[in-house]
Amino acid sequence: MPKVISIHSYRGGTGKSNFTANLSTTVALAGNRVGVVDTDVPSPGIHNLFCLEPEQMNKTLNNYLWGESPIEEAAYDVSANVGLTGVGQIFLVPSSVKADNIARILKEGYDVKRLNDGLRQLVKALQLDYLFIDTHPGLSKETFLSIAISHVLILILRPDKQDYQGTAVTVDVARQLNVRKLLLTINKAHSKLNFEVLQQKVEEAYSAPVAGIFPLSEDMVQLASEGVFCVKYQDHPISQEFTKVAQRIME
C-alpha cells in the first residue's frame with residue numbers, strides 16, 4: 001500500500017513547502033515513485049522549488065476540483081527539473097497561481113470529498129509508492145481531511161512561543177482524528193540552541209517524537225527557492241537530516 005504523508009504547520013512561515021519539496025525528493029532519491037500535491041490552494045508556491053513555471057502549468061489542482069479534468073492530467077513529472085537521474089521519479093500536482101482562480105477558491109471553497117477521491121485516483125493512476133500533501137497552514141476542514149487520511153503526519157514548528165502554542169492545538173486535533181503516526185520536526189533552529197535539550201523539551205511537551213531538527217541556514221536562504229536543496233547539496237548537514245527523516249517515513 002502506498003503511504004500518504006501530510007506536511008503541516010499551525011502557522012505560516014515555518015518553511016513547510018521547502019521541507020515538503022526536500023523530504024519528498026529525498027524519498028524519490030531512494031528509488032521510489034513519489035507524488036506531491038499542493039493543497040495550499042489560497043497561497044501556492046511549491047512549484048517554484050520544483051522549477052515548474054506557471055506558463056507550463058496547463059492544468060492544475062483547481063481544474064480537477066472544478067470538475068474540468070482528471071487529477072492525473074494536472075500531474076507533472078518534475079524529476080529532471082530537480083536533477084533526479086536514478087530510478088526514482090517525482091510528480092507534482094500544483095495549484096493555480098492565477099489571481100482569478102485563487103479568488104474563486106477563496107469565495108467558493110471546494111468539495112473536500114472530491115479532493116479525497118482525487119488523491120486516491122492519483123495514487124492509482126501514477127502507481128505511487130508515496131504521496132506527500134503540502135497543506136495550507138492552520139486548521140480547517142481541508143486540513144482535517146489531510147490529517148485523517150494520512151499514514152504519517154509531520155508537524156513543523158519553529159522554536160518560538162507562537163509555534164509552540166499552535167502546535168499543541170494541532171497535536172490535540174490529530175489525536176482526536178486518530179492519526180496513525182505523528183512526527184514533529186523543528187525548523188529554523190538557531191545555532192546557539194542546544195539541540196539535544198530542545199528535542200527533549202519538545203518531545204516531553206507533546207508526547208511525540210522529534211524526527212529531525214533543522215538549523216537556521218544561510219545556505220538554504222541563498223538558494224531562494226530555486227531548486228531542491230538536498231539535490232544541489234547532497235553532503236550538506238541539512239541534506240543528511242532530511243535523509244534521517246526520510247528513513248523514519250520509509251520504515
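This one's a predicted model, so the numbers in the text were calculated from it and none came from an experiment.
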_For Lys113, is there an ion pair with Asp117 - N to carboxylate O distance below 4.0 angstrom?_
yes

*Do Pro42 and His136 have side chains that get closer than 4.5 Å, going by heavy atoms?*
yes

*Check whether any side-chain N or O of Arg11 sits under 3.5 Å from a backbone N or O of Arg158 as a donor-acceptor pair, and report yes or no.*
no

*Taking C-beta and beyond as the side chain, do Pro215 and Ile238 meet within less than 4.5 Å on heavy atoms?*
yes

*Return yes if some donor-acceptor pair links the side-chain N/O of Asp160 with the main-chain N/O of Gln162 below 3.5 Å, else return no.*
yes

*State, yes or no, whether a side-chain contact exists between Lys232 and Leu223 at a heavy-atom distance under 4.5 Å.*
yes

*Counting only heavy atoms not in Glu108, do more than 12 sit closer than 6.0 Å to its CD atom?*
yes

*For atom CD of Glu196, decide whether the heavy atoms of other residues, nucleotides or ligands shown that lie under 6.0 angstrom number more than 12.*
no

*Step through the shown structure and confirm whether more than 12 heavy atoms of other residues, nucleotides or ligands are within 6.0 Å of CZ on Arg120.*
no

*Under 30°, 30 to 60°, or over 60°: which ring-plane class applies to Tyr164 and Tyr206, parallel, tilted or perpendicular?*
tilted

*Could you grab the distance from atom CG of Leu29 to atom CD of Gln234, nearest 0.5 Å is fine?*
6.0 Å

*Check against side chain to side chain contact (heavy atoms under 4.5 Å, CB included), His47 and Val97*: CA-CA 10 Å; His47 57 276; Val97 296; 3.2 Å; yes

*Is it true that a side-chain atom of Asp163 and a backbone atom of Pro159 form a donor plus acceptor pair closer than 3.5 Å?*
no

*Are side-chain heavy atoms of Thr39 and Ile133 found at a separation under 4.5 Å?*
yes

_Ser96 side chain near Met57 side chain, heavy-atom distance below 4.5 Å_ = no

*Going from OG on Ser43 to CD1 on Ile102, what distance comes out if it is rounded to the nearest 0.5 angstrom?*
7.5 Å

*Rounded to the nearest 0.5 Å, what separation is found between the CD atom of Glu241 and the CG atom of Asn187?*
10.5 Å

_Arg33 to Phe91 six-membered ring, cation-pi geometry met (6.0 Å, 45°)_ = no

*Please say whether more than 12 non-hydrogen atoms of neighbouring residues, nucleotides or ligands are located less than 6.0 Å from CG in Asp100.*
no

*Just wondering, do Ile186 and Phe195 contact through their side chains at under 4.5 Å, heavy atoms?*
no

*Taking the six-membered ring for Trp, are Phe229 and Tyr233 parallel (under 30°), tilted (30 to 60°) or perpendicular (over 60°)?*
tilted

*Heavy-atom distance under 4.5 Å between the side chains of Ile90 and Phe50, does that happen here?*
yes

*asked:* Determine whether Tyr10 and Leu157 satisfy the following criterion, side chain to side chain contact (heavy atoms under 4.5 Å, CB included), listing intermediate values before the conclusion.
replied: CA-CA 8 Å; Tyr10 182 80; Leu157 66 150; over 6 Å; no

*Answer yes if Ile105 and Ile46 sit in the same cluster of Ile, Leu, Val, Met, Phe, Trp and Tyr residues linked by side chain heavy atoms under 4.5 Å apart, and no otherwise.*
no

*Ignoring hydrogens and geometry, is there a side-chain-to-backbone donor-acceptor pair from Tyr130 to Ala28 under 3.5 Å?*
no

*asked:* Let's go through Val4 and Leu119 carefully: what are the C-alpha distance in whole Å and the side-chain angles of both, what is the deciding distance for side chain to side chain contact (heavy atoms under 4.5 Å, CB included) to 0.1 Å, and is it a yes or a no?
replied: CA-CA 9 Å; Val4 178; Leu119 296 176; 5.9 Å; no

*Quick one: does Asn32's side chain get under 4.5 Å of Met250's, heavy atoms only?*
yes

*Looking only at non-hydrogen atoms, find the nearest pair between Asn81 and Cys51 and report the distance.*
ND2-O, 3.1 Å

*Please check if Leu23 and Leu84 belong to a single hydrophobic cluster, counting links between Ile, Leu, Val, Met, Phe, Trp and Tyr side chain heavy atoms closer than 4.5 Å.*
yes

_Donor-acceptor check, side chain of His151 to backbone of Val179, threshold 3.5 angstrom: yes or no?_
no

_Do Leu139 and Val112 land in one hydrophobic cluster if side-chain heavy atoms of ILVMFWY residues count as linked below 4.5 Å?_
no

_Step-by-step side chain to side chain contact (heavy atoms under 4.5 Å, CB included) determination, Leu122 to Tyr64_ = CA-CA 11 Å; Leu122 187 69; Tyr64 166 72; over 6 Å; no

*Taking atom types as modelled, is there a side-chain donor on Ser17 or Asp134 under 3.5 Å from an acceptor on the other?*
yes

*Does Leu155 belong to the same Ile/Leu/Val/Met/Phe/Trp/Tyr cluster as Leu145, with side-chain heavy atoms less than 4.5 Å apart forming each link?*
no

*Taking Ser150 for the side chain and Leu153 for the main chain, is one N or O donor matched with an acceptor at less than 3.5 Å?*
no

*Separation between OG of Ser239 and CE of Met220, rounded to the nearest 0.5 Å*: 7.5 Å

*Indicate if Ile156 and Val169 have the same hydrophobic cluster label, given that clusters are the connected sets of ILVMFWY residues with side-chain heavy-atom separations under 4.5 angstrom.*
no

*Has Phe242 got more than 12 heavy atoms of other residues, nucleotides or ligands less than 6.0 Å from its CZ?*
yes

*Any donor and acceptor pair, going by atom type alone, linking the side chain of Lys188 with main-chain N or O of Gly13 inside 3.5 Å?*
yes

*asked:* Please check this pair: side chain of Lys3 against backbone of Ile249, looking for a donor-acceptor N/O pair closer than 3.5 Å.
replied: yes

*Between atom OG of Ser146 and atom CD1 of Ile5, what is the distance when rounded to the nearest 0.5 Å?*
12.5 Å

*Would you name the heavy atoms of Glu142 and Tyr110 that are closest together and state the gap between them?*
CG-OH, 2.8 Å

*Only one of Leu115, Asp40, Asp38 forms a side chain to side chain contact (heavy atoms under 4.5 Å, CB included) with Leu61, so which one is it?*
Leu115

*Val27 versus Ala246, closest heavy-atom pair with distance*: CG2-CB, 3.9 Å

*Where is the tightest heavy-atom contact between Ala211 and Thr185, given as atom of each residue plus distance?*
CB-CG2, 4.2 Å

*If only atom types and distance count, is the side chain of Thr20 paired as donor or acceptor with the main-chain N or O of Lys16 below 3.5 Å?*
yes

*asked:* For the NZ atom on Lys181, are there more than 12 heavy atoms of other groups (residues, nucleotides or ligands in this structure) within a distance under 6.0 Å?
replied: yes

_Would you say Thr143 and Ser140 are linked by a side-chain donor-acceptor pair, where the criterion is simply a distance under 3.5 Å?_
yes

*Supply the atom-to-atom distance Leu131 CG to Ser24 OG, rounded to the nearest 0.5 angstrom.*
10.0 Å

*What's the shortest heavy-atom distance between Thr25 and Ala21, and which atoms?*
OG1-O, 2.7 Å

*asked:* If the test is side chain to side chain contact (heavy atoms under 4.5 Å, CB included), which one of Val231, Thr243, Val228 qualifies with Thr26?
replied: Thr243

*How close do Val210 and Glu203 get, heavy atom to heavy atom, and via which atoms?*
N-OE2, 2.9 Å

_Under a 3.5 Å distance rule, please check whether Arg114 uses its side chain to pair with a backbone N or O of Trp66 as donor and acceptor._
no

